[in-house]
Each structure stands twice: as C-alpha cells, then as structure tokens.
Amino acid sequence: MTSQLASFKIPVIDNEPMRNYAAGSEERKGLQAAVDKMLKSAPFEVPCVINGKEVKTGDIQSQLMPHDHANPLCTYHAASSEVVNQAIEGALEARQAWEEIPWADKAAIFLKAADLIAGKYRYELMAATMLGQGKNAWQAEIDAAAELCDFLRFSVKYVEELYQQQPPRNSQGVWNRVEFRPLEGFVLAVTPFNFTAIGGNLVGAPAIVGNVLVWKPSPMATYSNYLVHKIFLEAGMPPSVIQFVPGNPPEVVKQCIDHKAFAGLHFTGSTQIFRKLWKDISNNLDIYRGYPRIVGETGGKNFHLYHHSAEIKSGVHQAIRAAFEYSGQKCSALSRCYVPSSLWNNGFKDQLVDETNKITIGPCTEWNHFTGPVIGRPAFEKITSIIEQAKKAGGEVIAGGEWDDSKGYFIKPTVIVTKDPKSVSMTQEIFGPVLTVYVYEDSEFDNMPKLIEDTTEYALTGSIFAQERAALVSAAHKLRNAAGNFYINDKCTGAVVGQQPFGGARASGTNDKSGSIAIFSRFVSMRSIKENFINPQDHYYPSNFL
Ligand code: NAD
C-alpha cells in the first residue's frame, strides 16, 4: 500500500489551444513533414499489444488509405481467440494494482499523455488520422490534437470533482463517506473509425477511475489508435491496464462479452450494432457476477430548422460546415434541413447551391480542399445508393450527385430537395456528404418540431435559426427531446469537451455525455461507509419507556 501525504490540487484545466495551419506557418511545415514521413514509411506493421508486449498472430489485415485505396497505411495482426483470452486475463490480473495506485498518480499519467499529444506526437497522430481516416488538417487538429487532449485533461478535472462528492450530512459521532470503486471485472471499449479522440476517450474514461480494459479499435482507425495506445504507455499507464486488441470485430467482441468477468461496455458506433451487443449482453446475464454497465453513443439524423426571421447568409454557411465537413462523417453532421419558402426563394437556395458547388474535394495531402474522401468501400456504396434511391423517389439533386472511386472514395457534397419529408434521405442515417432540404410554407413553422420528431428514431443534435425570440423559445421547447445537443443560431456540429457535453438519447445512445462529469459515474460502483465514534450503551430508544 502507498500513502498520499497531502490533498493535492490538480493544475488548472483548460481547452487545448488550436493551431490554424495557415500557409507559411511553422505548424503547417511541421504537419506536412509528418505526413510526408508517414507516406514514405507506410505501410506500418501493427501488432496486438498485450500486457505491454507486441503480439504478432500472423493473421494479417489492412487499413487502407481512403484517398488512395490501393495503398494501406498499416497492416495489423488480428487477434486470435487465445490472444483475446490473454488480454482479458492480463487485464484482470492488473486490476487490483491499478485500483490501488493513488488518484494523483493516475491523474499524472493522463496529464502527461495529454502533453505528449499536444507536443511530441501532435503531428504524427494528426498525420495518422489524415492518412488513415481521411481528415484534412483542420479536422485532424480538432480531433486528434485538441479534442483528445481535452478529453484526457478534463477527465482529471471531472474525476477530481466526482471524488469530492461526499454525503452532505454527518450526525453527531458519525462520519459518512463514499468511495467510487472501479467495476468488478473488465470493461470492453469498442471504438468507431471517425474520431481518434473518441477511441482515446472510450478507454481513458473508464481507466482513469481505476478500471482495466480490452480495447477493440475500429479496423479503419487501427494505426492512429495504436499510436494513442503507445502514448498511454509512454505516459506511464501500467502495461496491462489497457489491452490493444485489433481483430475481427464480431469475434473479439463476442469473446469478451461471453466472459464471466465482463463488467461494462463503452461503445461508440452505429445504432444497429449497439442494439445487437446490448441483446447479446442481456442474454448472458446469468453468467456475470453483476449487471454490466452499458454505455453507447450511436447514430443520428441531425437537423437545422430555419425560421423566416433567420439570417440567410450565415445560415447557409453554417449548413455547409455542418453537413459537409469531414464529408458528413461526424455523428453530429447535419443531414436534414427545414427551410421556409420565403427564405428558400429569396437567396437561401441560390447561395446553398453556389457555395456547395464551389467546394473542392481531394486527398488530405493537398491543403486546399474543404473536405475529402469517405472512409471505405461499404460507406461509398451505401451513400451513393441512398442518393440514387432518393432520386428515384422524386428527390431533386440541386448540387453534387457525382462520385468517383477510381483512386479514393470521393463523393461530391450533394444537396437534395424533397417534397416528401419522410423520404429515404430524410429518415436514414447516411453518414456521408448528403444534405436533404424540405421546404415548408412559412405558416407551417409551428408544425415543424413535431414533423422533425416524428421523422426519425434518433435524437442526437439539432439547431434552430431565428432572429425572433418567440420562435426560438417555441422551437427550443417543442424540440426538448429531439436532440441531446441543441444549438441556437449555431451549427449542429462541433461540440467542445468541457463546454458542450456530448450525446443523444432515443436511438442515438444512452446519453451519458462524454466530456462531462456524468460519464464517470457509469464506470464506478459507489460504496457508502459510515463510521461510528460513540458506542451505544443500551439498545432501547426513549420511545420504548413509559
Ligand atoms: P460501426 O457501428 O460500424 O463500428 C463501431 C465499432 O463496432 C467498431 O469498432 C467496429 O469494428 C465494431 N463492430 C462492427 N460490427 C460489429 C459486430 N457485428 N459486432 C461487434 N462489433 C462490431 O460504426 P462506425 O462506422 O465505426 O462509426 C460510425 C457510426 O458511429 C455512425 O452511426 C455514427 O453516428 C456513430 N457515432 C456516434 C457518435 C456519438 O457520439 N453519438 C460518435 C461517433 C460516431
């Protein structure tokens, strides 16, 4: 046992300052050099990392570069069932020692990891996110540098606050306390391709409160996630606390969920996979020691609702950023717009079409593009097929609607106008650069919130744009449950850790809000402790006497 001989104060925590990569800047030179170096050395070989040691299974899979799909960024060794087993058992063995490491030392590991990402590894991690996940420089900065640092640092702040939450009352001769125990068993983190930061946070949040984990990364984000894991180790994370286990997703996940020590799932990805995993876990309830914690942030069908008093120009720019940045592959990406006919016919449509047509798409290695490829072949086929279906169903493509997969998976930012507010591209999550607009009569504004609510099962993000306060008030009230992240006169993407806790309800997830104190309570099991200082001298109460 170690002792902590003071109640330490954590450093002041703030958001990581963003770099802008303007032409000629030092940061652009640094990032360019990292991208060039990575391109020269690719493909990298990624092992499983079990108990801090590289394990090469020989079952080789590839992570392709979405802008140049003939070339892999890395190959990786897919975990065999024996390796998954070693990962689970190693993590379980490390559990007690990790729990016993004092809080200040756990915090120090996270603060150091953030500083390594902010400095030494910033450009390398961004380059891996650009080449492997198809982000341009700005999107990579938002994700792999800023958001990941923020997740790690704010985790320290929030856990500090969580640990300070103690019972407010002590009766005479009694001291009441609570402690926040890690879960009994291991946590499985199943992470998505689209944010390197989410990968780091899905393992980081449970780990910082003392849990041990198996990390199953997305095959399409293997290399950046592997670097994040390396950074955790360099920062001093004990080697078996987070086991890096790339592999066949259904197989690795099933083996973990079927283990009797499975204690929690930290998932981000599609609604359909999350629902399946929840059912699989429920079917296993009899084998577990406790009730596993299930935390999942999933799909969305995010909206902008414009009122006739909204400003057109900024409304259009906000829509373009929200719909087309990172080719619409943010869970918060704008997918459906509700625009009143007065605005639509007085400039909204023309500006939206003009500005969308100006956008160039291309590889992340070229600086001038606003956006790049979609992640892979299945995504490319799904997105283009939805555009075709929307056209067949009467949707009018007024911008984009073209694609080319000869070298990379490129789809032009596409705007569809529909007369059917429940048509396919208004209802399904597309996860690509496709925005569908429904033009409504101005007099119908009051009915739009109900239409928005009834159109999809999701409730992730949404925005209202208006200058008239009464319109804002009414829409914000009626759309209270339609989005876990709601914006007023701002785009529906771009949540910042420590500023807008993120997550949606309904089919969009358990809404445990990453980037807030709430998430940590899902990965601890509280113990109440009452200590008595005064020994009773009798077992009777005054009311027992005549
Ligand atoms: P996905 O569901 O395809 O994959 C997510 C994870 O699940 C990956 O690690 C994947 O390998 C694994 N997986 C896939 N099939 C599996 C199976 N049969 N069994 C077990 N595991 C399996 O999602 P994705 O394409 O990586 O990410 C896009 C999705 O994630 C979108 O739906 C998006 O809305 C959602 N997302 C949501 C948030 C949020 O905060 N709400 C954030 C990012 C992404």
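Counting starts at 1 for both ligands and their atoms, in listed order.
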For T418 and D420, does a side-chain donor sit closer than 3.5 Å to a side-chain acceptor?
no
I'd like to check which ligand 1 atoms, numbered from 1 as shown, lie under 4.0 Å from a non-hydrogen atom of P192.
26 (O), 27 (O)
Would you find more than 12 non-hydrogen atoms of other residues, nucleotides or ligands less than 6.0 Å from Q272 atom CD?
no
For the residue pair K260 and Y288, would you count it as a cation-pi contact if the rule is NZ or CZ under 6.0 angstrom from the ring centre and within 45 degrees of the ring axis?
no
Heavy atom of F193, distance to ligand 1 below 4.0 Å
yes
Under the salt bridge (charged side-chain N to carboxylate O under 4.0 Å, His left out) test, which residues partner K254, sequence neighbours left out?
D258
Ligand 1 and K216, any nitrogen or oxygen pair closer than 3.5 angstrom?
yes
Just jot down the ligand 1 atoms closer than 4.0 angstrom to any heavy atom of L460, in number order.
41 (N)
Mind checking whether S218 has a heavy atom under 4.0 Å from ligand 1?
yes
Closest candidate by heavy atom, reference atom 2 (O) of ligand 1, pool G515, S270, S332, G269
S270
Find all atoms of ligand 1 within a distance of less than 4.0 Å from any non-hydrogen atom belonging to T191, and give their numbers and elements.
6 (C), 8 (C), 9 (O)
Give a yes or no on whether the ring-centroid distance for F523 and H266 is below 6.0 angstrom.
yes
Side chain to side chain donor-acceptor pair (under 3.5 Å) partners of R293, counting only residues at least two apart
none
Check for a donor-acceptor pair, side chain of D143 on one end and backbone N or O of A197 on the other, with a separation under 3.5 Å.
yes
Is any N or O atom of T268, backbone or side chain, closer than 3.5 Å to an N or O atom of ligand 1?
no
Which of the ligand 1 atoms, numbered from 1, are nearer than 4.0 Å to a heavy atom of I198:
42 (C), 43 (C)
Between H259 and F186, is the gap from one ring center to the other below 6.0 Å?
yes
Quick test: of every protein heavy atom, which one is nearest to atom 19 (N) of ligand 1, and how far off is it to 0.1 Å?
P250 CA, 3.6 Å
Taking it one step at a time, do Y338 and F303 satisfy ring-ring contact (aromatic ring centres under 6.0 Å, His included)?
CA-CA 8 Å; Y338 298 80; F303 61 85; 7.1 Å; no
Check the surroundings of atom CZ in R377: do more than 12 heavy atoms from other residues, nucleotides or ligands lie under 6.0 Å from it?
yes
K230, NZ: over 12 other non-hydrogen atoms inside 6.0 angstrom:
no
For atom 13 (N) of ligand 1, what's the nearest protein heavy-atom neighbour? Residue, atom name and distance, please.
P249 CB, 3.7 Å
Check: N71/D68 side-chain N/O donor and acceptor closer than 3.5 Å:
yes
Distance to 0.1 Å, residue and atom name: give those for the protein heavy atom nearest to atom 33 (C) of ligand 1.
F431 CE1, 3.3 Å
Taking only heavy atoms of F502, which atoms of ligand 1 are found under 4.0 Å from at least one of them?
39 (C), 40 (O)
Heavy-atom nearest neighbour in the protein, as seen from atom 15 (N) of ligand 1, with distance rounded to 0.1 Å:
I273 CD1, 3.3 Å
Please state which protein non-hydrogen atom is closest to atom 34 (O) of ligand 1 and give its distance, to 0.1 Å?
E429 OE2, 2.6 Å
Go through the side-chain N and O atoms of S332 and K330 and say whether any donor and acceptor fall under 3.5 Å apart.
no
Give me the residue, atom name and distance of the protein heavy atom closest to atom 7 (O) of ligand 1.
V190 CG1, 3.4 Å
Tell me: protein heavy atom nearest atom 42 (C) of ligand 1, and distance?
C331 SG, 2.9 Å
Take atom 4 (O) of ligand 1 and look for protein heavy atoms under 4.0 Å from it; say yes if you find one, no if not.
no
V253 heavy atoms, cut-off 4.0 Å: which ligand 1 atoms fall inside?
20 (C), 21 (N)
Salt bridge flag under 4.0 Å for residues E457 and K301:
no
Can you name the atoms of ligand 1, numbered from 1 with element, that are less than 4.0 Å from a heavy atom of P219?
11 (O)
Proximal ligand 1 atoms for N194, defined as those under 4.0 Å from one of its heavy atoms:
43 (C), 44 (C)
Non-hydrogen atom of G504 closer than 4.0 Å to ligand 1:
no
Measure the distances from the heavy atoms of F274 to every atom of ligand 1 and state whether one is below 4.0 angstrom.
no
Protein contact to atom 41 (N) of ligand 1 [nearest heavy atom, distance to 0.1 Å]:
T298 O, 2.8 Å
